[in-house]
Participant: 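My structure is below; once you've seen it, I'll send some questions.
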Amino acid sequence: MLSACRFVCPHTDADGLAAGALALAARGEDAAASLLLARGATPFDPGVLPEQRPVALLDWGVRSFRGSALFIDHHVPEATASSGQIVVSAHGAEPPVSTSVLTGRLVSKPARWVVAVGAVGDLGDAAWALPQLDDMTKAPVRRLVPLINAPRRLPDGPVLQALEILLENADARAALADPRIGMLQDARDEWQSGYTEALHVAPTVSNGVASIEFSSPYQVHPLVAQAWTRRLAGNVVVAANHDYIPGRVNFAIRGGTGDLRALLKSALPEEKGEFAHGHPRATGGSLTPEAFRRMIVALRGQA
Ligand SMILES: [Mn+2]
C-alpha cells in the first residue's frame with residue numbers, strides 16, 4: 001500500500017523524519033522525492049499538497065482529509081477513514097509505539113537504528129524497552145535524536161539534510177560522522193540560544209493558569225511550557241510565541257490535570273483549525289492574537 005502512494009509526506013520531527021526515511025528507502029526514493037511542509041503548514045490545510053493521490057501521511061495525526069491517502073500514525077485519531085483512505089494507527093498500543101516503529105513493521109528490512117531515532121525522539125528512554133530496539137547500542141542514537149529534531153525548530157532549518165542523513169547512512173555511528181551533521185549541530189546551537197533567551201521571560205500566574213509570552217523566531221514554546229510546568233507544579237502552563245508565524249500566536253499548553261485538549265475546546269468552543277490537536281497532555285495551537293487573549297481570559301475564568 002505504501003508503494004501505491006504517489007508521494008510521501010512525513011512530519012518533520014525525529015519520529016516523522018525517521019518514518020519518512022523508512023518509507024522512502026522501501027520505495028527506492030531519495031529524500032528530495034518527499035514532501036516536506038513549511039512551518040505552520042499541515043497536509044489538512046487546503047492547497048498545501050499537490051493534487052496527486054494517494055499520498056502517504058506519516059505522523060501527522062488522522063484528521064479529515066480530501067482524497068485518497070494512507071495514514072500511518074500513533075496520535076489519537078480525530079476522523080475515521082473515508083472512501084479511498086487507509087488508516088494504520090498505533091494509537092492505544094501498550095506499550096506505546098512511535099510512527100517510526102509502526103512504519104518499520106510495514107516495510108521489509110527496516111533500518112533498526114532509524115526506527116530507534118524516531119522511537120526515542122517521541123517516547124524518550126521508554127523506547128528502549130520495545131522489542132524493535134532490543135540489543136541496540138544506545139549512545140549514538142541518543143546523540144542523533146536532538147540533532148535530527150533541531151532543523152524544524154528554525155524558521156528555515158536544514159530539514160531535508162536531516163532526512164538525508166537518516167536515509168543515506170548504514171548505521172547511527174556513520175550518521176554522526178556524516179559531513180551534514182555540522183549543519184544540524186549549528187541549527188541546534190542556534191535554537192538553544194533562542195530557548196535560553198525565552199526561558200528568561202517571567203510567567204504571569206493567575207487563577208491556576210500561568211502564561212509566558214515572548215517573541216522568538218524559533219520553535220521554543222513547547223519546551224518553555226514543559227520547563228515551567230516543572231517549576232510551577234499544579235498550574236496549567238501556556239507558553240505563547242508571538243513571532244513564530246506572522247500574525248499568529250502559537251502556543252503550547254502543559255500541566256494542570258486531565259485532557260488539555262478538552263480544556264482548550266471548552267475555553268474556545270468555536271475555534272477550528274490548528275487548535276487542540278495532538279496528545280491529551282501535550283497540545284496547543286495557532287490563534288489570532290485576539291482569539292489567544294479570549295482563550296487566556298476563559299481559562300482563568302474557569303480554573
Ligand atoms: Mn510521532
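When a ligand or atom number is given, it counts from 1 through the structure's own listing order. None of the values given here were measured: they were computed from a predicted structure.
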Participant: For the Mn ion (ligand 1), find the closest N/O/S atom belonging to D122 and write down its atom name.
Facilitator: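 In D122, the N, O or S atom with the shortest distance to the Mn ion (ligand 1) is OD2.
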Participant: Excluding sequence neighbours, so at least two apart, what forms side chain to side chain donor-acceptor pair (under 3.5 Å) with E197?
Facilitator: none
Participant: Examine all N, O or S atoms of D73, backbone included, and report whether one is under 2.8 Å from the Mn ion (ligand 1).
Facilitator: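 Here the distance criterion (N, O or S atom, under 2.8 Å) is not met by D73, so no.
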Participant: To the nearest 0.5 Å, tell me how far Q185 CD sits from E190 CD.
Facilitator: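 Here the interatomic distance stands at 12.5 Å.
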Participant: Report the atom name of the nearest N/O/S atom of D15 relative to the Mn ion (ligand 1).
Facilitator: OD2
Participant: Angle class for the F44/F65 ring planes (parallel below 30°, perpendicular above 60°, tilted otherwise)?
Facilitator: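 Perpendicular, since the angle between the ring planes exceeds 60°.
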Participant: Let me check your reading of the structure: within less than 2.8 Å of the Mn ion (ligand 1), is there an N/O/S atom from H75?
Facilitator: no
Participant: Is the backbone of G61 close enough, under 3.5 Å, to the side chain of D73 for a donor and an acceptor to pair up by distance?
Facilitator: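 The answer is yes, because a donor-acceptor pair under 3.5 Å joins these two groups.
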Participant: With carbon and hydrogen excluded and only N/O/S kept, which atom of D59 is nearest the Mn ion (ligand 1)?
Facilitator: OD1
Participant: Other than V205, what residues sit in its cluster of Ile, Leu, Val, Met, Phe, Trp and Tyr side chains whose heavy atoms are under 4.5 Å apart, directly or through others?
Facilitator: L154, W191, Y195, L199, V201, I212, F214, Y218, V220, L223, V224, W228, L232, V237
